[in-house]
Amino acid sequence: MEDANLVETKDGTIAVASAFPGHPEAVQDRDHKFLRRAVEEAYKGVECGDGGPFGAVVVCNEEVVVSCHNMVLKNTDPTAHAEVTAIREACKKVNQIELSECEIYTSCEPCPMCFGAIHLSRIKRLVYGAKAEAAIAIGFDDFISDALRGTGFYQKANLEIKKADGTDAEIAEQVFEKTRAKFPMY
C-alpha cells in the first residue's frame, strides 16, 4: 500500500482513501449515500416481513449492482442474510463468482458467515454501519463464533462437531485429489 493515503476522520478513525479518486470528503459522502441505502433496505425487509433488520448494497463503479435485505423468514432459509443474498444476486447479475471490482455496504457488522461470503467473493471493500452488539442487544444472536463456543447470550449451540476418521475420512479427502484438474484456481 505504497500509494495509500491514510486519512483521520472526524471521529478519530483511520480510513484508506487511496483506492478511490477524489478527496476523502467525497469518499465519505459516497460511503454515507450507499450506507443509507443499506439501512433503507433493512427497514424495507422488516416492513414486508421478509426477515430481520439487515440490509446490504453491492456497488461497482459508483453504480448499485444490487440492493437486498434479510430474507431469512420469507425464504425459510437461515443463510439468507442480507449480505449473502446480495452477493448471490450480484454474482447472478454480473454472471461470475468473483466480485473483486465491487464494494459492499451493510447496515450492520457482518456475522462470520457473511464475512466469509464477502471474503470468498473477493469483494474489495466493506463498509458497515452498526456494530454487531446493536443486533445482539435486541436478540439477534446468530453470530457463529459465539454459537460454536457456546458463549452466545440468547442461545447455546446444540451442535456436536466431530471430524470423521478412518476410511470415511480418506474417501472424503480423495475427492479433492481426484477432481483437482477440473478446478484451476485463480
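Residue numbers start at 1 and run along the sequence shown. Only this structure's heavy atoms are used, side chains among them; waters, hydrogens and symmetry mates stay out.
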**OP:** Walk me through it: do L126 and T106 pass the test side chain to side chain contact (heavy atoms under 4.5 Å, CB included)?
**Re:** CA-CA 8 Å; L126 159 67; T106 65; 3.9 Å; yes
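- Using a 4.0 Å cut-off between a side-chain N of Lys or Arg and a carboxylate O of Asp or Glu, D31 and R125 qualify as a salt bridge.
- Considering CG of N75 and CG of D50, their distance stands at 7.5 Å, rounded to 0.5 Å.
- Donor-acceptor pairing under 3.5 Å is recorded for the side chains of Y105 and E103.
- L99 has its side chain within reach of V94: a pair of non-hydrogen atoms, C-beta onward, lies under 4.5 Å apart.
- A donor-acceptor pair under 3.5 Å is formed between the side chain of Q96 and the backbone N or O of E98.
- Remark: side-chain polar atoms of E109 are not paired, donor with acceptor, to backbone N or O of K131 under 3.5 angstrom.
- V66 is connected to I87 through a chain of hydrophobic side-chain contacts under 4.5 Å among Ile, Leu, Val, Met, Phe, Trp and Tyr, so both are in one cluster.
- A salt bridge links R180 with E177; the closest basic N to acidic carboxylate O contact falls under 4.0 Å.
- Among pairs with a residue in residues 76-92, those fulfilling salt bridge (charged side-chain N to carboxylate O under 4.0 Å, His left out) read D77-R88, E89-K92, at least two apart in sequence or across chains.
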**OP:** Starting from the C-alpha separation in whole Å, work towards a yes-or-no answer on side chain to side chain contact (heavy atoms under 4.5 Å, CB included) for H69 and T85.
**Re:** CA-CA 7 Å; H69 54 263; T85 301; over 6 Å; no
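- Counting only distance, with no hydrogens or angles, the side chain of S107 and the backbone of G55 share a donor-acceptor pair below 3.5 Å.
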